[in-house]
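Okay, structure first, notes after.
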2 protein chains.
Amino acid sequence: MTIAEVGKKYDITPDTLRYYERIGLISDVPRTKNGIRDYDEKSCKRIEFIKCMRNAGVEIDILSKYISLIETGKSTVEERKKLLEDQREKLLAKQKTINETLDRLNYKIKIYEDIASGKRKDFTED
Amino acid sequence: MTIAEVGKKYDITPDTLRYYERIGLISDVPRTKNGIRDYDEKSCKRIEFIKCMRNAGVEIDILSKYISLIETGKSTVEERKKLLEDQREKLLAKQKTINETLDRLNYKIKIYEDIASGKRKDFTED
DNA sequence: TATTGACTTGGAGTTTACTTAAAGTGATAT
DNA sequence: ATATCACTTTAAGTAAACTCCAAGTCAATA
């Protein structure tokens, strides 16, 4: 698969894919005899994983660390597990924050609805 | 309240509070005769709101727009409601993304646990 | 054969959201 | 009185994560 195809498949620009490769997030991407990237299954899976984590806001530094642990080999399994657990904690905290903010948004939207329907005349921001 | 006190109360640095004021996110902060900020209830509520939204990842541009709508007056109620609804949609989408990523993290962590407990010997990343 | 188009590289530029620095003011502590 | 401390301003600097640009290569098509 060419870089354009992979980019389309995962909704990542070729520039970003090259950037990820440059910083070591994606390694060992196969090339044609002319030096053009020809992504294989393994690379695609890696990209899909990174895309998923990045979408949720996991930082590149963390992902770099994780990838380097994988590349170091079996001895890093415990450390990898710890890293993923830490990220899970962060995402759970983020989830909680978002829920709180959603409650607040719902409350404010309701006030605006009441104003629109004439149920409420007075209101003070915020 | 001084800027340092407000900063401590909401866990925002004084520099960030001045920055928010500079870009128009927080306006009409009262001052002492010497020009020192003396935050009142209204300013504090605004800060608390902004902090909540920023924690959830709502962008400063969006908050600026919202604040300017508030300052324009009652005629913008409908537009404000729309803006908040858009942000709610974004947060719901983010929530969904995070949940998917959490599922994936849980799956991977489980694999690492199985490896640690000897239940599983073979594994291929990712 | 000439041009088009997708790819390559290295490096510079952009965006968002702060963060820090430099220079100065004014009230309080020694 | 002098030094300390928290505050003030304007402006420049930083970090993270891309994003774009210039110059060049190669295969395919007009």
Side-chain angles (χ1 to χ4, degrees), chain A residues 1-40 43-44 46-47 49-68 87 90-91 94 97 101, chain B residues 1-40 43-44 46-47 49-68 87 90-91 94 97 101:
Chain A
M1 282 184 111
T2 68
I3 199 165
E5 286 162 352
V6 173
K8 190 163 251 181
K9 184 168 181 187
Y10 297 110
D11 194 31
I12 304 176
T13 70
D15 274 318
T16 300
L17 286 170
R18 286 189 209 100
Y19 165 69
Y20 284 168
E21 196 176 331
R22 195 162 65 235
I23 63 173
L25 265 193
I26 311 163
S27 40
D28 306 321
V29 174
R31 303 280 183 133
T32 67
K33 63 230 157 282
N34 304 314
I36 290 175
R37 288 172 185 81
D38 182 24
Y39 293 86
D40 61 0
S43 300
C44 285
R46 169 73 55 87
I47 288 163
F49 172 71
I50 286 166
K51 159 103 185 178
C52 174
M53 295 299 139
R54 289 292 304 127
N55 276 353
V58 176
E59 286 165 28
I60 282 186
D61 269 9
I62 304 288
L63 294 175
S64 293
K65 178 67 187 163
Y66 181 69
I67 296 300
S68 92
Q87 297 316 303
K90 281 195 197 172
L91 290 190
K94 202 180 265 192
T97 304
T101 306
Chain B
M1 282 185 110
T2 69
I3 198 166
E5 285 162 352
V6 172
K8 191 164 249 177
K9 184 168 179 187
Y10 297 110
D11 194 32
I12 305 177
T13 69
D15 277 317
T16 300
L17 286 170
R18 286 190 208 99
Y19 165 68
Y20 284 168
E21 196 176 328
R22 194 162 66 236
I23 62 171
L25 265 194
I26 311 163
S27 39
D28 306 319
V29 175
R31 303 282 183 133
T32 67
K33 64 228 157 282
N34 304 313
I36 289 173
R37 287 172 185 82
D38 183 24
Y39 293 87
D40 60 0
S43 300
C44 285
R46 168 74 54 88
I47 289 163
F49 172 71
I50 287 166
K51 160 103 186 177
C52 175
M53 296 298 138
R54 288 293 304 125
N55 277 353
V58 176
E59 285 167 29
I60 282 187
D61 269 9
I62 305 286
L63 295 175
S64 293
K65 178 67 186 164
Y66 182 68
I67 295 301
S68 91
Q87 295 317 302
K90 281 194 197 171
L91 291 190
K94 203 180 265 190
T97 304
T101 307

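Note on naming: letters A, B, ... go to the chains in the order of the sequence lines (proteins, then strands), and numbering restarts at 1 for each one. Nothing here was measured: the structure is a model prediction, and the numbers come from that model.
- A ring-centre distance under 6.0 Å is not found for A:Y10 and A:Y39.
- Computed from coordinates, the A:E21 CD to C:dG10 P distance equals 11 Å when rounded to whole Å.
- A distance-only check finds no donor-acceptor pair linking the side chain of A:K90 to the backbone of A:G57 [under 3.5 Å].
- Atom-to-atom, OH of A:Y19 to C1' of C:dT9 comes out at 17 Å; the value is rounded to the nearest Å.
- As rounded to whole Å, 13 Å separates atom C1' of D:dC18 from atom CD1 of A:I26.
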Check your understanding: Does the side-chain contact (heavy atoms from CB on, under 4.5 Å) test come out yes or no for A:Y19 and A:I60, once each step is laid out?
Key -> CA-CA 11 Å; A:Y19 165 69; A:I60 282 186; 3.9 Å; yes

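- The backbone N or O of B:R31 lies less than 3.5 Å from no partner atom in the side chain of B:D38, so there is not a single donor-acceptor pair.
- Per the geometry, CZ belonging to A:R22 stands 12 Å off P belonging to D:dT19, to the nearest Å.
- Residues B:G57 and A:D38 both approach DNA chain C. Their nearest nucleotides, taken by heavy-atom distance, put A:D38 toward the 5′ side.
- Distance A:L17 CG to D:dT19 C1': 13 Å, rounded to the nearest Å.
- We find that CD1 of A:I23 is positioned 15 Å from P of C:dT9, with the value rounded to whole Å.
- Taking atom OH of A:Y39 as the reference point, atom C1' of C:dT8 lies 12 Å away to the nearest angstrom.
- At the phosphate of C:dT19, OP1 or OP2 sits under 4.0 Å from a side-chain N or O atom of B:T16.
- The salt bridge (charged side-chain N to carboxylate O under 4.0 Å, His left out) pairs that include a residue from residues 51-65 of chain B are B:K65-B:E79, where partners are two or more places apart or lie in different chains.
- The side chain of A:Y20 places an N or O atom within less than 4.0 Å of a non-bridging phosphate oxygen (OP1 or OP2) of D:dC18.
- Residue B:R37 places at least one side-chain N or O closer than 4.0 Å to OP1 or OP2 of D:dT9.
- Residue B:N34 is classed as a sugar-phosphate contact, given heavy-atom separations below 4.0 Å to backbone atoms only.
- When each of D:dT10, C:dC7, D:dC21 is scored by its nearest atom to the side-chain atoms of A:I3, the top-ranked nucleotide is C:dC7.
- A close approach under 4.0 Å does not occur between any side-chain nitrogen or oxygen of A:R18 and OP1 or OP2 of D:dC20.
- At C:dC7, one or more side-chain N or O atoms of A:T2 fall inside 4.0 Å of OP1 or OP2 (strictly under the cut-off).
- Closest contact between the side chain of B:A4 and the listed nucleotides C:dC18, D:dC7, C:dG11 involves D:dC7.
- When the nucleotides C:dT8, C:dC7, C:dA17 are ranked by their closest atom to the side chain of A:R31, C:dT8 comes out on top.
- Closest contact between the side chain of B:I60 and the listed nucleotides C:dA17, D:dC18, C:dC7 involves C:dA17.
- C:dC18 atom C1' lies 14 Å from atom CD of B:E59, rounded to whole Å.
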